[in-house]
Structures are given as structure tokens and as C-alpha cells.
Amino acid sequence: MNKLSKKDQTKKHEFKLSTSQKLLMFLAIILLSFWSLQIVIILLIGLLPSITVMLTDSKNTHKLIIVGFFNLAGTFICVANIYNQFITNHAINIMDNVFNIIIMLGSAALGMILYFELPNVFVMISRSSASRRLRNIDSKLEKISAEWGSEVYDHSSKKL
């Protein structure tokens with residue numbers, strides 16, 4: 001009985017697009033490409049890391065969210081540049097500049113680094129906090145043993 005309820009719970013959390021939603025999204029991309037092909041070119045090339053994460057690791061939504069938002073932030077700089085200076089060849093000029101590509105792809109790399117290293121930072125912080133609490137408790141126990149006598153707290157029984 002519990003196994004069925006767990007399967008039902010996982011089905012609730014899965015997010016899948018229906019065929020009509022996929023068709024609507026495809027039509028929106030086609031209309032957007034007619035409206036502004038330059039922005040679509042920048043978005044397709046700039047969001048390649050996010051698309052790659054979506055295709056290769058579609059079950060890991062946390063990774064997709066972190067990498068996607070960092071990647072979108074880096075790509076938004078170039079999209080805003082196109083939006084401010086709407087020239088016909090401006091997308092090609094932006095993609096010719098290596099620093100723009102480094103900004104777009106480097107921001108996704110920063111998101112990936114944060115995804116992998118942020119849990120380690122939290123573990124390190126929690127370990128240091130726990131060791132500080134242990135030292136504080138030990139000092140309080142030593143003060144109590146000095147005040148009440150050594151039979152209350154035996155130093156040899158403490159294990160770390």
C-alpha cells in the first residue's frame with residue numbers, strides 16, 4: 001500500500017508538457033523568430049548550456065534552475081544590447097566578440113560551480129558550528145566539574 005502511494009506522489013511532482021502545449025510553444029518560437037531573428041540567434045547560442053542540461057539531466061530540476069538562471073543572466077546582457085541598438089547585423093557582431101561568448105557561457109559555468117560547491121560550503125559551515133558548540137559545552141562541563149567535583153563529570157569518559 002505504501003509503494004502505491006509513493007508512486008502516486010512521484011507522479012504528482014513530475015512536470016510534463018502536453019502535445020498542445022508543445023505545439024503552442026513551437027509556434028511561439030516561430031513567431032518570435034520572425035519578429036526578431038537576432039534575439040533568437042543570441043538566445044539559441046547563449047542558452048546552449050541550459051539546453052544541454054535540460055536534455056542530459058532532465059530529472060534534476062535544481063541543476064536546471066541554477067544553471068539556467070545564471071545562463072539567462074549572462075545572455076540577457078547581449079539581448080539587451082541588441083534591443084538597445086537594433087541593427088540588422090548586430091547579432092553577428094555580438095557573436096564575433098569572444099568576450100560576449102565568455103560572458104554567456106561563463107555565467108552558466110559559474111552556476112554549475114555553485115551547484116556543485118554550495119553544499120560543500122554548507123557542510124563546512126555546519127561542521128565548524130558543531131565543533132564550536134562542542135568546545136563551548138566542554139568548557140561548561142569543566143567549569144561544572146571544577147565547581148561540583150570530579151565525580152560529577154569524568155574527563156576520561158568523553159568521546160569525540
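Everything numeric in this text was worked out from a predicted model, so none of it was measured. Along the sequence shown, residues carry numbers from 1.
- Within the structure, salt bridge (Lys or Arg N to Asp or Glu O under 4.0 Å) pairs that include any residue of residues 61-75 comprise Asp57-Lys63 (at least two apart or interchain).
- Atom CD1 of Ile45 sits about 10.5 Å away from atom CD1 of Ile51, to the nearest 0.5 Å.
- The CG atom of Leu43 sits 7.0 Å away from the CD1 atom of Ile39 when rounded to the nearest 0.5 Å.
- In this structure, CZ on Phe70 lies 15.0 Å from CG on Leu105, to the nearest 0.5 angstrom.
- Side-chain N or O atoms of Ser145 include one that pairs as donor or acceptor with a backbone N or O of Glu142 at under 3.5 Å.
- Taking CG from Asn81 and CD1 from Ile94, the interatomic distance works out to 4.5 Å, rounded to the nearest 0.5 Å.
- Shown are Ile102, Ile101, Asp96; of these, the side-chain contact (heavy atoms from CB on, under 4.5 Å) with Val98 is made only by Ile102.
- Taking a 6.0 Å sphere around OH of Tyr115, one finds it holds more than 12 heavy atoms contributed by other residues, nucleotides or ligands.
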Could you walk me through whether Ile42 and Met104 satisfy the side-chain contact (heavy atoms from CB on, under 4.5 Å) test, starting with their C-alpha distance in whole Å, then the side-chain angles of each, then the deciding distance to 0.1 Å, before giving a yes or no? CA-CA 10 Å; Ile42 296 296; Met104 289 188 284; 4.2 Å; yes
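- At a threshold of 4.5 Å between non-hydrogen side-chain atoms, the residues Leu64 and Asn60 do not count as touching.
- Contact of the Ser50 side chain with the Val53 side chain is not registered, since no non-hydrogen atoms from C-beta on lie closer than 4.5 Å.
- Across every non-hydrogen atom of Asn71 and Thr75, the tightest pair is O-OG1, 2.8 Å.
- Separation of atoms CG (Leu72) and CZ (Phe76) is listed at 8.5 Å; rounding is to 0.5 Å.
- In the hydrophobic clustering of this structure, Leu114 groups with Val67; members are Ile, Leu, Val, Met, Phe, Trp, Tyr whose side-chain heavy atoms approach within less than 4.5 Å, directly or through other members.
- For residues 118-128, every residue pair satisfying the side chain to side chain donor-acceptor pair (under 3.5 Å) rule, not counting sequence neighbours, is listed here: Glu117-Asn120.
- Of the candidates Asn100, Asn97, Ile103, Cys78 forms a side-chain contact (heavy atoms from CB on, under 4.5 Å) with just one, namely Asn100.
- Residue Gln21 comes nearest to Ser18 through the heavy atom pair OE1-N, 3.0 Å, listed as atom of the first residue, atom of the second, then distance.
- Looking at heavy atoms from C-beta onward, Met25 lies out of side-chain contact with Lys22 at the 4.5 angstrom threshold.
- The hydrophobic cluster containing Leu110 also contains Ile66, counting ILVMFWY residues as joined when their side-chain heavy atoms lie under 4.5 angstrom apart, directly or transitively.
- With hydrogens and angles disregarded, no donor-acceptor distance shorter than 3.5 Å links the side chain of Ser129 to the backbone of Ile125.
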